[in-house]
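Below: the structure, in structure tokens.
Quick caveat: nothing in here was measured; it's all calculated off a predicted structure. Numbers here are sequence positions counted from 1.
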Amino acid sequence: MPTSRTGSRPAIFPLMAATALALSACSAGTSAAGSSAGGAKTLVVDTSFDLKTADPGREFEPTGQIVDKALYETLLTFKGSDVTKPVPGLASSYEQSTDGKTLTLHLRAGAKFADGSAVTADDVVFSLNRVIALKGNPSFLLDGVTVTKTDASTVTLVSKKANPALPFILPNPALGILSAKTVQAHGGTATSADAAEKYLNTTSAGSGPYTLTSFNTNTQVVLAKNPNYTGSDKPTYDKIVLRNVQAPTQKLNVQRGDSQIALDLTSDQVSGLGGGLTVDSGASSDVIFLLLNQDTKVSSTAANAKFAEAVRKGIDYQGLLQIAGTGSVQPAGIIPSTFLGALPASQATSRDLTGAKAALAASGIKNPTVTLGYASDLTVDGLSLQTLAERVQAQLKEVGITVNLAPAPTTTELDNYRNGKEQMGLWYWGPDYPDPSDYLAFLPGNLVGLRAGWKAGADPALTALGDQAASTTGDAARTAIYGQIQTSLNASGPFIPLVQPSRNTVTAGSLTGVVYNPVWTLDVAAVGSK
């Protein structure tokens with residue numbers, strides 16, 4: 001989440017164990033999955049809720065993203081799981097200036113809100129300015145951006161600084177477009193005095209494929225097909241029921257047909273699933289990494305460049321993938337493998353035990369000992385950091401490095417991490433938005449760099465590359481410069497990317513169009529049936 005910036009939108013807190021109710025198929029009055037009670041075709045989706053609001057100007061939690069993706073259209077979007085190229089949404093086309101500061105968007109003709117009224121440039125300006133003014137969780141997405149109406153079908157976004165990432169940011173459901181007239185009639189304003197959240201938690205005001213029927217942050221959310229939806233792909237299901245269910249119950253429900261989709265099962269839980277179910281396992285966008293503190297006052301051992309080399313070469317990355325499960329991958333750099341700017345898999349670091357021992361000898365440190373801090377109660381996509389820490393400890397012991405494990409509850413260890421007090425840390429970064437610029441946080445003097453005691457000025461050449469990357473436009477040029485940044489980080493930086501855990505989606509075999517997306521997890525409107 002941007003307020004905590006532990007890593008990202010799907011960061012620390014959404015991945016902690018859910019404490020809400022585990023619902024059976026018939027609780028809260030839902031009909032059986034895929035049924036056609038009363039002629040309405042219903043899709044039931046089980047997930048572990050991290051949900052606070054349906055108001056797009058205020059939501060920035062994983063379940064909220066699923067809900068608002070269905071209720072509100074954004075100017076741009078992504079197709080399926082591909083987040084390397086924004087495609088038209090409410091905007092039929094766009095142009096970005098060569099300096100990366102101006103983004104001009106042309107609105108799709110004929111778009112309508114659920115009440116039948118036309119989507120206008122004024123609605124776009126109101127909606128985006130409202131996000132900025134609320135200063136809520138998603139407001140940072142539009143930091144330094146001015147939104148203006150150019151004409152009746154054109155909107156211009158101007159950034160104070162070059163912002164080539166903006167087309168990749170606009171698909172976020174938090175930037176969904178609302179009917180200004182409707183929201184204003186219920187206390188909404190593009191100021192901090194806005195009071196429309198209560199209304200938006202009962203009735204949607206968007207142009208998306210679904211409308212909001214009922215909303216409860218602890219139990220379930222029910223959506224109904226929008227008869228006035230003008231998008232090209234019409235939804236299959238008349239009704240969508242999202243239920244708050246813990247993972248073990250999710251497995252039981254989908255096995256017995258009480259739900260059609262389960263979103264939160266681990267690799268162990270999906271192993272051997274049959275009965276006509278489909279399991280889609282693939283790498284998530286979360287990158288788990290080690291940090292080595294560069295502040296000698298915290299640890300002169302961790303700050304030693306040759307010691308860092310020994311750690312980097314001493315990790316058995318393939319061994320970590322084995323415990324991470326099917327679908328997990330080793331990231332070649334700090335940018336996830338599925339994002340623009342990711343290094344090719346061929347550049348991933350391999351274990352070199354002989355080289356690790358040689359680097360340790362060259363460090364001049366006899367019998368090195370370092371303390372590894374991590375959140376003992378945290379799992380990332382089902383992978384326990386406790387299990388990962390124990391494996392890293394054993395692997396580095398083979399190099400001659402003693403790692404003392406220092407687990408602590410997330411609330412405690414998070415403070416140590418943020419304040420740069422860990423000698424060695426085990427954490428992860430999930431993207432705030434699917435663009436490589438989000439990973440400039442790892443450079444010296446930036447957010448995560450400082451957490452590793454890597455102060456501004458520590459690597460002037462790398463800092464210069466980061467400044468250049470922030471203003472570089474064009475996919476090819478951006479891929480090249482972010483490749484240089486990650487190559488430099490891999491060679492001498494304080495971060496060691498370990499693994500991208502798998503994400504598992506279990507579905508009834510009759511479904512189509514179930515695709516994981518790192519921004520909104522699942523587009524329920526795209527789900528069809530055979």
Side-chain angles (χ1 to χ4, degrees), residues 1-2 5 7-11 60 62 65 69 74-89 91 94-103 105 128 131 137-145 157-175 283-287 331-344 428-443 446-449 465-486 489 497 500 516-521:
M1 302 175 188
R5 294 304 297 271
S8 70
R9 171 188 59 81
F60 208 56
Q65 299 270 280
K69 171 63 178 171
T74 50
L75 291 168
L76 300 175
T77 187
F78 294 115
K79 185 174 178 59
S81 61
D82 184 2
V83 293
T84 64
K85 184 177 178 60
V87 298
Y94 69 94
E95 302 92 39
Q96 193 163 32
S97 61
T98 54
D99 64 4
K101 293 183 178 181
T102 303
L103 186 67
L105 300 114
L128 299 187
V131 173
N137 280 346
S139 296
F140 84 102
L141 294 171
L142 297 176
D143 277 352
V145 176
L157 279 61
V158 178
S159 301
K160 291 181 180 179
K161 299 180 180 179
N163 193 359
L166 194 52
F168 295 84
I169 293 172
L170 288 177
N172 195 295
L175 302 181
S284 74
S285 56
D286 302 319
V287 175
I334 202 64
I335 297 174
S337 59
T338 54
F339 284 14
L340 178 78
L343 287 175
Y428 82 103
W429 183 268
D432 296 300
Y433 48 88
D435 186 79
S437 62
D438 195 38
Y439 296 82
L440 295 176
F442 285 81
L443 299 191
N446 292 351
L447 181 68
V448 189
L465 271 179
D467 292 341
Q468 183 182 348
S471 59
T472 297
T473 59
D475 289 356
R478 299 185 80 215
T479 296
I481 194 166
Y482 280 104
Q484 293 179 54
I485 288 171
Q486 291 174 95
L489 280 172
Q500 285 174 240
Y516 167 73
N517 183 286
V519 181
W520 49 72
T521 306

Exercise. Quick one: does Gln65's side chain have a donor or acceptor within less than 3.5 Å of a partner on Asn172's backbone?
Worked result: no
Exercise. Hey, is the main chain of Ile481 close enough, under 3.5 Å, to the side chain of Gln468 for a donor-acceptor pair?
Worked result: no
Out of curiosity, [X] [atom1] to [Y] [atom2], how far, rounded to the nearest 0.5 Å?
X: Leu75; Y: Ile169; atom1: CG; atom2: CD1; result: 13.0 Å
X: Leu105; Y: Leu157; atom1: CG; atom2: CG; result: 6.0 Å
X: Gln484; Y: Leu465; atom1: CD; atom2: CG; result: 5.5 Å
X: Leu443; Y: Leu489; atom1: CG; atom2: CG; result: 6.0 Å
X: Phe442; Y: Ile334; atom1: CZ; atom2: CD1; result: 4.0 Å
X: Leu447; Y: Asp438; atom1: CG; atom2: CG; result: 10.0 Å

Problem set entry | Pro331: partners by side chain to side chain contact (heavy atoms under 4.5 Å, CB included), with sequence neighbours left out | Val287, Pro497, Gln500
Problem set entry | Sequence-distant partners of Pro86, side chain to side chain contact (heavy atoms under 4.5 Å, CB included), two or more places apart | Leu76, Phe78, Tyr94, Pro167, Phe168
What closest approach, in Å, do [X] and [Y] show between heavy atoms, and which atom pair accounts for it?
X: Pro171; Y: Trp520; result: O-CZ3, 3.5 Å
X: Asp432; Y: Leu141; result: O-CD2, 4.3 Å
X: Gly341; Y: Ile335; result: O-CD1, 3.9 Å
X: Gln486; Y: Leu343; result: CB-CD1, 3.6 Å
X: Ala469; Y: Leu440; result: CB-CD2, 4.5 Å
X: Thr473; Y: Gly100; result: CG2-CA, 3.9 Å

Problem set entry | CA sep, side-chain torsions, deciding dist, call: Leu170, Thr74, side chain to side chain contact (heavy atoms under 4.5 Å, CB included) | CA-CA 7 Å; Leu170 288 177; Thr74 50; 5.9 Å; no
With a 4.5 Å heavy-atom cut-off, do [X] and [Y] have their side chains touching?
X: Pro173; Y: Val519; value: yes
X: Ser81; Y: Tyr516; value: no
X: Asn517; Y: Val83; value: yes

Problem set entry | Pair listing, salt bridge (Lys or Arg N to Asp or Glu O under 4.0 Å) test, anchored in residues 469-479, at least two apart | Asp435-Arg478
Problem set entry | Summary of salt bridge (Lys or Arg N to Asp or Glu O under 4.0 Å) pairs that have at least one residue in residues 162-175, sequence neighbours excluded | none
Which residues pass the side-chain hydrogen bond (donor to acceptor under 3.5 Å, both in side chains) test with [X], not counting sequence neighbours?
X: Asp99; result: Ser97
X: Thr84; result: Asp82
X: Tyr433; result: Ser437
X: Thr77; result: Lys69

Would you mind writing out the side-chain donor-acceptor pairs for residues 158-166 within the sub-3.5 Å range, not counting sequence neighbours?
{"residue": "Ser159", "atom": "OG", "partner": "Asn163", "partner atom": "ND2", "Å": "3.4"}

Problem set entry | ring pair (Phe, Tyr, Trp, His ring centres under 6.0 Å) partners of Tyr482, counting only residues at least two apart | none
